[in-house]
Amino acid sequence: MNDALDPAALQVLRLMAESGQPALDQLTPAQAREAVRLGFAALQGPPPEVGSIRDLAYEGPTDRRALRLYWPPEVPSTRRLPACVYFHGGGWVVGDIPLYDNVCRLLCRASGCAVISVDYRLAPEARFPAAVEDCWTATRWIVEHAEVLGIDAARVAVAGDSAGGNLAAVVALRARDEGKPRLVHQLLIYPVTDLRGQTPSYQKNADGYFLTAALMRWFGDHYLGGESASATDWRASPLLASSHAGLPPATILVCGFDPLHDDGVNYAEKLHQAGVAAELIRLPEQIHGFISMDGAIPAARHTLERVGQVLGQALTAA
């Protein structure tokens, strides 16, 4: 292991290695979901307090899907707040709203804004572009129902980590193309932006840091159904969109020990080239997935507080 790793992250990696559990890419999707649920539950701290939580549902393209609305503490429910629509990570195969409860609570507290966590269909049961369609439909539903939800339809951001960051970037692109809803910011936490997986960080960080190159291929195969041609579709690889002009400003976080490091860096550069403001936050000492390990890696809460404050400033200034 590299000495530059956060010691807490290094300890997590050692515990994973010593557990004797098979790698996720050696499991079925159902087994991987259960392994992730149990594994992250052991790595998460007590839920931070928020003002209130409401479990809701939106009408997806094929069925009703869940939403969870987080309201910040000490904010009257009668006050109309800016909102962040959050898409969870998990390689489009694992993950759900409960797994990201702490993440959304922390973002809600730090931003002072409403956070709405979105459930979407997972692969391989529902392959690409099912997750895209669900997240797009959810975002539109949230904005259209802003008055009922108590949020400000003119101050809405999208956010997500890993596969969720990919979905947030794709939703922002589609909103720009269709002219609505108007989004004011995108928070992309170690996002997947190029599913071809050919960047130097895929080589450098291929093994040993929780997310591996092999696991990314496993996720991609389940999501795309083994159709490599789909990897060049901008809805799967937002870096490859024909234009990035006119997108909302972005905050992009990347980790040094992550195959997806270059995905985030390259997307920030693409936005800069298109004249879009993009703040790149580099955490050279961190591993992919660490924000979901707040009970074991103290930097997780510090980082979510940091990006939450940036998010809150962007939303309140809009």
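None of the values given here were measured: they were computed from a predicted structure.
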Distance-only donor-acceptor pairs under 3.5 Å for side chains of residues 241-257, two or more places apart:
{"from": "Ser243", "atom 1": "OG", "to": "Ala245", "atom 2": "N", "distance (Å)": "3.2"}
{"from": "His244", "atom 1": "NE2", "to": "Pro238", "atom 2": "O", "distance (Å)": "2.8"}
{"from": "Thr251", "atom 1": "OG1", "to": "His185", "atom 2": "NE2", "distance (Å)": "2.8"}

Handout entry: side chain to side chain contact (heavy atoms under 4.5 Å, CB included) between Leu195 and Tyr223, worked out
Key = CA-CA 10 Å; Leu195 259 175; Tyr223 185 46; 4.1 Å; yes
Problem - Pairwise side-chain contact, Trp141 with Leu67, heavy-atom cut-off 4.5 Å (strictly under) - result: yes
Exercise for the section: Check the pair His88, Tyr120 against side chain to side chain contact (heavy atoms under 4.5 Å, CB included), reporting the backbone distance first and the verdict last. Expected result: CA-CA 9 Å; His88 68 76; Tyr120 55 87; 3.3 Å; yes
Exercise for the section: Answer yes or no: is there a side-chain heavy-atom contact under 4.5 Å between Arg109 and Pro72? Expected result: no
Practice task
Would you please say whether a donor-acceptor pair under 3.5 Å links the side chains of Asp194 and Tyr267?
Solution key: no
Practice task
Specify the closest pair of heavy atoms between Val94 and Leu122, including all atoms of both residues, with the distance to one decimal.
Solution key: O-CD2, 4.1 Å
Practice task
Give a yes or no on whether Glu178 atom CD has more than 12 heavy-atom contacts from other residues, nucleotides or ligands under 6.0 Å away.
Solution key: yes
Exercise for the section: Mind checking salt bridge (Lys or Arg N to Asp or Glu O under 4.0 Å) for Glu285 and listing every partner two or more places apart, or none if nothing turns up? Expected result: none
Practice task
Say whether, by atom type as modelled, one donor and one acceptor occur between the side chain of Asn102 and the main chain of Gly45 under 3.5 angstrom.
Solution key: yes
Handout entry: Side chains of Leu167 and Trp136 in contact at under 4.5 Å (non-hydrogen atoms)
Key = no
Practice task
Considering non-hydrogen atoms only, spot the tightest contact between Ser162 and Leu260 and give its length.
Solution key: OG-CD1, 4.0 Å
Exercise for the section: Ignoring hydrogens and angles, state whether a donor on the side chain of Tyr100 or Asp161 is under 3.5 Å from an acceptor on the partner side chain. Expected result: yes
Exercise for the section: Give every residue pair that meets the salt bridge (charged side-chain N to carboxylate O under 4.0 Å, His left out) criterion with at least one member in residues 299-313, sequence neighbours excluded. Expected result: Asp294-Arg301
Practice task
Check for a donor-acceptor pair, side chain of Arg33 on one end and backbone N or O of Val93 on the other, with a separation under 3.5 Å.
Solution key: yes
Handout entry: Closest heavy-atom pair and its distance - Cys113, Cys108
Key = O-SG, 3.4 Å
Problem - Test item: Ser237 side-chain N/O and Trp234 main-chain N/O as donor-acceptor pair under 3.5 Å - result: no
Practice task
Decide if the gap between the ring center of His261 and the ring center of Tyr202 is smaller than 6.0 angstrom.
Solution key: no
Problem - Val310-Val265 co-clustered via ILVMFWY side chain contacts under 4.5 Å - result: no
Handout entry: Side chain Gln44, main chain Leu99, donor-acceptor under 3.5 Å
Key = yes
Problem - Single-linkage hydrophobic cluster, 4.5 Å side-chain cutoff, Met16 and Phe40 together - result: yes
Problem - Nearest-0.5 Å distance, OG1 of residue Thr303 to CD1 of residue Ile189 - result: 9.0 Å
Handout entry: Min side-chain heavy-atom separation Pro191-Asp263 under 4.5 Å
Key = no
Problem - Min side-chain heavy-atom separation Ile287-Leu5 under 4.5 Å - result: yes
Exercise for the section: Go through the structure and list residues passing salt bridge (Lys or Arg N to Asp or Glu O under 4.0 Å) with Asp207, not counting sequence neighbours. Expected result: none
Exercise for the section: List the atom of Trp71, the atom of Leu149, and the distance in Å for their closest heavy-atom pair. Expected result: CZ3-O, 4.0 Å
Practice task
Taking Arg127 for its side chain and His222 for its backbone only, find out whether a donor-acceptor pair lies under 3.5 Å.
Solution key: yes
Practice task
State, with a plain yes or no, whether a side-chain heavy atom of Tyr209 is found less than 4.5 Å away from one of Asp258.
Solution key: no
Practice task
List the steps, then state whether salt bridge (Lys or Arg N to Asp or Glu O under 4.0 Å) holds for Arg174 with Glu133.
Solution key: CA-CA 10 Å; Arg174 187 163 176 180; Glu133 293 303 321; 3.1 Å; yes
Practice task
Would you confirm whether Ser117, through its side chain, and Ile97, through its main-chain N or O, come within 3.5 Å as a donor-acceptor pair?
Solution key: no
Problem - Electrostatic pair Glu144-Lys180, nearest N-O below 4.0 angstrom - result: no
Completion exercise
Heavy-atom closest pair (Ile151 atom, Ala114 atom, distance to 0.1 Å) is CG2-CB, 4.0 Å
Problem - Backbone of Pro259 reached by a side-chain donor or acceptor of Ser201 within 3.5 Å - result: yes
Completion exercise
Closest non-hydrogen contact found for Leu240 with Ala231 is CD1-O, 4.0 Å
Handout entry: Main-chain N/O of Gln31 paired with Thr28 side-chain donor or acceptor, under 3.5 Å
Key = yes
Exercise for the section: Write out all pairs satisfying salt bridge (charged side-chain N to carboxylate O under 4.0 Å, His left out) with one or both partners inside residues 230-247, taking only residues at least two apart or from two chains. Expected result: Asp233-Arg235
Handout entry: Val184 vs Val156 side-chain heavy atoms within contact, under 4.5 Å
Key = no
Fill in the blank from the handout: Interatomic distance, OG1@Thr316 vs CG@Leu81, rounded to 0.5 Å, equals 10.5 Å
Exercise for the section: Only counting residues at least two apart or in another chain, list the ones meeting side chain to side chain contact (heavy atoms under 4.5 Å, CB included) with Ser230. Expected result: Phe128, Leu224, Glu227
Problem - Any side-chain donor near an acceptor of the partner, Glu269 and Gln273, under 3.5 Å - result: yes
Handout entry: Test item: Ser19 side-chain N/O and Gln21 main-chain N/O as donor-acceptor pair under 3.5 Å
Key = yes
Exercise for the section: Tell me, with the steps shown, if Leu304 and Val103 meet side chain to side chain contact (heavy atoms under 4.5 Å, CB included). Expected result: CA-CA 7 Å; Leu304 286 166; Val103 169; 4.1 Å; yes
Completion exercise
Only one of Arg65, Arg64, Arg68 passes side chain to side chain donor-acceptor pair (under 3.5 Å) with Asp119, and that residue is Arg65
Practice task
Using a strict cut-off of less than 4.0 Å between a Lys/Arg side-chain nitrogen and an Asp/Glu carboxylate oxygen, indicate whether Asp134 and Arg121 qualify as a salt bridge.
Solution key: yes
Exercise for the section: With rounding to the nearest 0.5 Å, note down the distance linking NZ in Lys204 to CG in Asp262. Expected result: 8.5 Å
Practice task
Begin from the C-alpha positions of Ile116 and Tyr86 and carry the test side chain to side chain contact (heavy atoms under 4.5 Å, CB included) through to its verdict.
Solution key: CA-CA 6 Å; Ile116 306 171; Tyr86 195 89; over 6 Å; no
Handout entry: Salt-bridge criterion met for Arg217 and Asp221 (N-O under 4.0 Å)
Key = no
Exercise for the section: Could you tell me the separation between the CG atom of Asp6 and the CG atom of Leu283, rounded to the nearest 0.5 Å? Expected result: 9.5 Å
Exercise for the section: Answer whether the closest heavy-atom distance between the side chains of Gln203 and Gln198 falls below 4.5 Å. Expected result: no
Exercise for the section: Step through it carefully: locate the ring centre of His288, locate the ring centre of Tyr190, and say whether they are under 6.0 Å apart. Expected result: yes
Fill in the blank from the handout: Separation between CG (Leu13) and CD (Gln11), nearest 0.5 Å, reads 9.5 Å
